[in-house]
Amino acid sequence: MEYNFREIEPKWQNFWRENKTFKAEIREDKPKYYVLDMFPYPSGAGLHVGHPLGYIASDIFSRYKRLQGFNVLHPMGYDAYGLPAEQYAIQTGQHPAITTENNINRYRSQLDILGLSYDWDREVRTCDDKYYKWTQWTFLKLFGSYYCNDAQKARPIEELISVFEKEGNQNINAATTQSEKFSAEEWKNFSDKEKADVLMNYRIAYLSDSMVNWCSELGTVLANDEVVNGVSVRGGYPVERKSMRQWSLRITAYAERLLNDLDTLDWTDSLKEIQRNWIGKSQGAAVYFKLENGESLEVFTTRADTLFGVTFMVLCPEHEMITSLTTQEQKEEVEKYVSWAKNRSERERQAEVKKVSGVFTGSYAIHPLSGERVPIWISDYVLAGYGTGAVMAVPAHDSRDFAFAKHFNLPIKQVVVPHGEQEEDTSLWQESKDSKAGKVINSDFLNGLDVKDAIKTAIQYIEDKNLGYGTVNYRLRDAIYSRQRYWGEPFPIYYKDGIATPISESELPLLLPEVDKYLPTESGEPPIARAKNWQTKDGYPYDCNTMPGFAGSNAYSIRYMDPNNTEALVSKEANQYWQNVDLYIGGSEHATGHLLYSRFITKFLFDIGAVCKQEPYQKLINQGMIQGRSNFVYRVKGINKFVSYNLKGEFETDPIHVDINIVDNDVLDIEKFREWREEFKNADFVLEDGKYICGYEIEKMSKSLYNVQNPDDLVEKYGADTLRLYEMFLGPLEQSKPWDTKGIEGVSRFIRKFWRLYHDKDNNYTLSEEAATKDELKALHKTIKKVQEDIERFSFNTSISTFMICVNELSDLKCNKKEILEPLCILLSPFAPHITEELWNLMGNKTSISFASFPAFDESVLVENTFKYPISINGKMRANIEIALGISQEEVEKIVLANAEVQKYIDGKPIKKIIFVPKKIVNVVV
RNA sequence: GCAUCUGUGGCGGAAUAGGUAGACGCGCUAGACUCAAAAUCUAGUGGGGUAACACCCGUGCCGGUUCGAUUCCGGCCAGAUGUACCA
């Protein structure tokens, strides 16, 4: 009998559950460490081997930190609101809560068999009213706050109201869409509705008519990060631009802080870079162009140095000044163009980026510096959402303006000469010169300046003459926060005489109502509108939208600190103790969604004093994706005959995906294949060496490609410890890699070998109390040192290699000494918790291994009195010489030169130099 | 187009501070045990070369710094990911 994981693994899982071994409580005597996994959306498909990768890694680190004496918080929960459950509800009528509950139970059982050390008492579910009460509470706070640019933080909206009453909004510097100024007097005379409308322009959570990504297939709007290439991320349905009244969050107010604080985080450069790009800060200038009708048009530019190169202006088709600008002659054409542009779907627009289109308004602006007349055009290459929705076109130095000028035959004026070039005839150009280095020409007072200096000088000039001002623009947009769906958090808002009014905090949570169908109403209202009595006691209607998928995950890491608190999101005490997440593990696909939104919300909660940290996740590791490895069989065209991979060239074949569970090391199990599907029952095969070899390809892991590897099957076959080790052994945590079961035998062998160290031939536990030998101690301490270093840098694959070497050495030494094997058992416990708990118990220990301390590394065991010096001659390794440590460089050189092997290579030539690197190498240059 | 990352045997991958490249595992080859198989154990396994050594070549490509480069610098090529009319 060998190591029996089928009996031992459930035994210890039960032990941990019953003893609440991993329960985390505030303990002032211990330092805290908070390890968090991105909680999963419980989909109907269950877990595949890709999901546990991060969970196993975080579990190893949690267990390691516990051994080091840290009080570890390691919770898990479910991001339970989401589209799939709702889509399923629409099709079947089954309540999404039931689907979700079932899926969660399946997830839980799959997680349990992996032996993960979660504190399940802290589980959260975003669809649980006790949880979403705080999602709604956060929304009320966002609604009740504005962002003060002077203080650089969120402030209560009441403060703003009292300022309005005293002095109007003349001196307010806040993040707002309010452009009209008013006095205290005017404010007092506003109607309630007017006041509410003004305040709405300042709130951090606000209602506005905004251009949204509307997906009619899903019947809802989507955030920018939920749309890729003009189609929805979920489902791949077309998305169009549409103006709708929606809730938004003023995340743009936090752009600067979100950008700057990236520097304080221990994240990978690539992830920080993704966020920086998404925020997209650009420094530049706003410039006013006077119009002939007396109005003024504001544009944003990063290239104020090229002002004299402006030969036309372009407005986006949505620009509000189009009507007033269009002349009578151009009216018809402009209207035609604008309606054409508005009706294009996002996808069409993106697909035809290179096609130039546009129309002339008939009007002109006056160039602020030269006084020349500049024609004003309309084109959809100018985006409504960025800057002012209008640009000054400098065709000579901007490729888009250039393409436009070429297409409509507009003048092109060169104002920058790149270093080492001469001014050229722009009519001969095939492309613009966009480079940001060179000397300015044809530009009056800017002539001769370098681009960089010219930008500064130009901005200074326009500021002095009141023609504009230096400013900053961000690409980041406010987050659209409402969805026209059922399965989400209702907004704690009702409408009193058309004014959006918050319900009081004491009425939270506002429960998600029951509905008869999960579809929009006949009049096109969201599904919640179907609910009976969806109104306050006084009969005012509630908001019918629900919050988006990311709402529930914004502050979940904070809620885990105090998940059962009914009085607050988190108590001061719990928040002070747990602070924020020390280690966060999850996929990088959340870079511009969850990771940005939750940073924003955490900063907001910090501003209102609800939490003590500005950043939610101090260190972040993105585990790589595990791709699927699909197998193929090759069917001869037209007949039911299959050709082995290497012989398929002789036939005309179609590759067909075959279930990887009936393929072993690319060899097809023909019997199982025949049973797999009715149509293959009578199939013929052309074999090679008596086997049918399948082809393979690396693809996404997906049910439809028959390449999903289920962790349960592997646990059943090899045990959880082996699966844990193997997932880590597969390669570096952060790298994407294809799943491949080939190597799992190797770690399975290692586990059995490890077990055998503690047992004799008949599988009886035998450890001796004898003192360990020098070699045994060396093997152990070498391992302690390296494993600790490897864990610290999350190189779990190499730590496992180190364990393998150690076990091999101890097997060779026939070591069965407790002095060695007890610390080794502790050392391995984060990786393989079940087998080590069993051995720990066999060794006579009463408590769980989690409370043991990490084995101390004894340097003295590894100290040698001699060192093997590699000797290189002219940089090439030629010999090894054993030399006592601590002797002088001169002596080392003497010994080296006296060596016969070395003499052979020096071959009598004069020695130019000897380079001696202590403990490393001696290099002789001849 | 732009940004970030990656490129090492038949395969997954080591090499932590510029110092004997290929640890560890898989696979493969031979052998031991066995009637046989499984399991286990032993030896070998980058390429060329040799009876065996010696020796030569080798970390995507080209160049640089250095006594010495997988590692640092410059330029290219390829792949992955993200993002894209952001003025």
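Per chain, numbering begins at 1; letters A, B, ... match sequence-line order.
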**Student:** Is there a donor-acceptor contact under 3.5 Å linking the side chains of A:Asn707 and A:Trp739?
**Tutor:**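 No, A:Trp739 and A:Asn707 have no side-chain donor paired with an acceptor closer than 3.5 Å.
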**Student:** Students often mix this up, so state it plainly: with edges at 30° and 60°, are the rings of A:Phe750 and A:Phe803 parallel, tilted or perpendicular?
**Tutor:** tilted
**Student:** Give me the distance, rounded to whole Å, that separates B:C33 from B:A23 when you measure between the P atoms they each carry.
**Tutor:** 30 Å
**Student:** Rounded off to whole Å, could you give me the NZ-to-C1' distance for the A:Lys920 and B:C67 pair?
**Tutor:**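 From A:Lys920 NZ to B:C67 C1': 15 Å.
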**Student:** With a 3.5 Å cut-off and heavy atoms only, can you find an N or O donor on one side and an acceptor on the other between the side chain of A:Lys876 and the base of B:U20?
**Tutor:**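 There is none.
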**Student:** Checking A:Asn874 against A:Tyr905: is there a side-chain donor and acceptor pair closer than 3.5 Å?
**Tutor:** no
**Student:** Under 4.0 Å between a side-chain N/O of A:Arg878 and OP1 or OP2 of B:C55, yes or no?
**Tutor:** yes
**Student:** Considering just the side-chain nitrogens and oxygens of A:Asn923, establish if one lies under 4.0 Å of OP1 or OP2 belonging to B:U66.
**Tutor:** no
**Student:** Would you please confirm or rule out a distance under 4.0 Å between OP1 or OP2 of B:G13 and any side-chain N or O of A:Gln735?
**Tutor:** yes
**Student:** Tell me: CE of A:Met804 to C1' of B:G13, nearest whole Å?
**Tutor:** 12 Å
**Student:** How far, in whole Å, is B:U20 from B:U71 if one measures between their C1' atoms?
**Tutor:** 16 Å
**Student:** Distance check, C1' atoms only: B:A51 and B:C61, in whole angstrom units.
**Tutor:** 39 Å
**Student:** Any chance you could measure A:Ser270, atom OG, to A:Glu734, atom CD, to the nearest 0.5 Å?
**Tutor:**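 So the OG of A:Ser270 and the CD of A:Glu734 are separated by 8.5 Å.
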**Student:** Is any side-chain N or O of A:Lys868 closer than 4.0 Å to OP1 or OP2 of B:U20?
**Tutor:** no
